[in-house]
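Since this is a predicted model, take the numbers as computed values, not measurements.
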Amino acid sequence: MSLQVNSYFDDAVKSIALENAEGTSTVGVMSIGEYEFGTSQREYMSVVSGSLTVLLPGAAEWKTFAKGETFIVEANQKFGVKVTEITAYLCRYE
């Protein structure tokens, strides 16, 4: 399989999709800004470098996830992300 590069929000978020023995994942980088994402599968989002402040579906308050931390968003949900420093992430899909 060739690597698939995706770009969102006028190139402010870029990711590379991959498939291996662990399943389908994307590795990417988010520039400083605010974004809303939608899911089609359950997503396990891990912060690799930097931090993400996230408004999870149904939550009333934003929560910050630092390097090494993971949050889960169920399928068919929307979630908000605030990025205050360029941040790298790993997203695994189920």
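- As a member of the Ile/Leu/Val/Met/Phe/Trp/Tyr network built from side-chain separations under 4.5 Å, Val29 groups with Ile86.
- Listed by first then second residue, pairs satisfying side-chain hydrogen bond (donor to acceptor under 3.5 Å, both in side chains) with a partner in residues 58-74 read Arg42-Glu74, Ser46-Thr70, Thr53-Thr64, not counting sequence neighbours.
- Sorted pairs that involve residues 27-36 and meet salt bridge (Lys or Arg N to Asp or Glu O under 4.0 Å), not counting sequence neighbours, are lacking altogether.
- Judged as a side chain to side chain donor-acceptor pair (under 3.5 Å), and not counting sequence neighbours, the contacts of Asp11 are Ser7.
- Counting only residues at least two apart or on different chains, the side-chain hydrogen bond (donor to acceptor under 3.5 Å, both in side chains) pairs with a member in residues 21-31 are Thr26-Tyr93.
- Summarising the geometry, atom CD belonging to Glu94 is positioned 5.0 Å from atom CZ belonging to Arg92; distances are rounded to the nearest 0.5 Å.
- Residues passing the side chain to side chain contact (heavy atoms under 4.5 Å, CB included) test with Val5, sequence neighbours excluded: Ile16.
- Not counting sequence neighbours, Asn76 has no partner by the side chain to side chain donor-acceptor pair (under 3.5 Å) test.
- When the side chain to side chain contact (heavy atoms under 4.5 Å, CB included) test is applied to Ile32, no partner is found at least two apart in sequence or on another chain.
- Other residues sharing the hydrophobic cluster of Val73, ordered by chain and number and joined by side-chain separations under 4.5 Å: Tyr8, Phe9, Val13, Met30, Tyr35, Phe37, Met45, Val47, Leu52, Val54, Leu56, Phe65, Phe71, Phe79, Val81, Val83, Tyr89.
- The heavy-atom pair separating Ser40 from Ala75 by the smallest distance is O-CB, 3.7 Å.
- Among residues at least two apart or in separate chains, there is no salt bridge (Lys or Arg N to Asp or Glu O under 4.0 Å) pair with a member in residues 76-88.
- Tyr44 belongs to a hydrophobic cluster whose remaining members, ordered by chain and number, are Ile72; membership requires side-chain heavy atoms of ILVMFWY residues under 4.5 Å apart, directly or through intermediates.
- No more than 12 heavy-atom neighbours from other residues, nucleotides or ligands sit within 6.0 angstrom of CG on Asp10.
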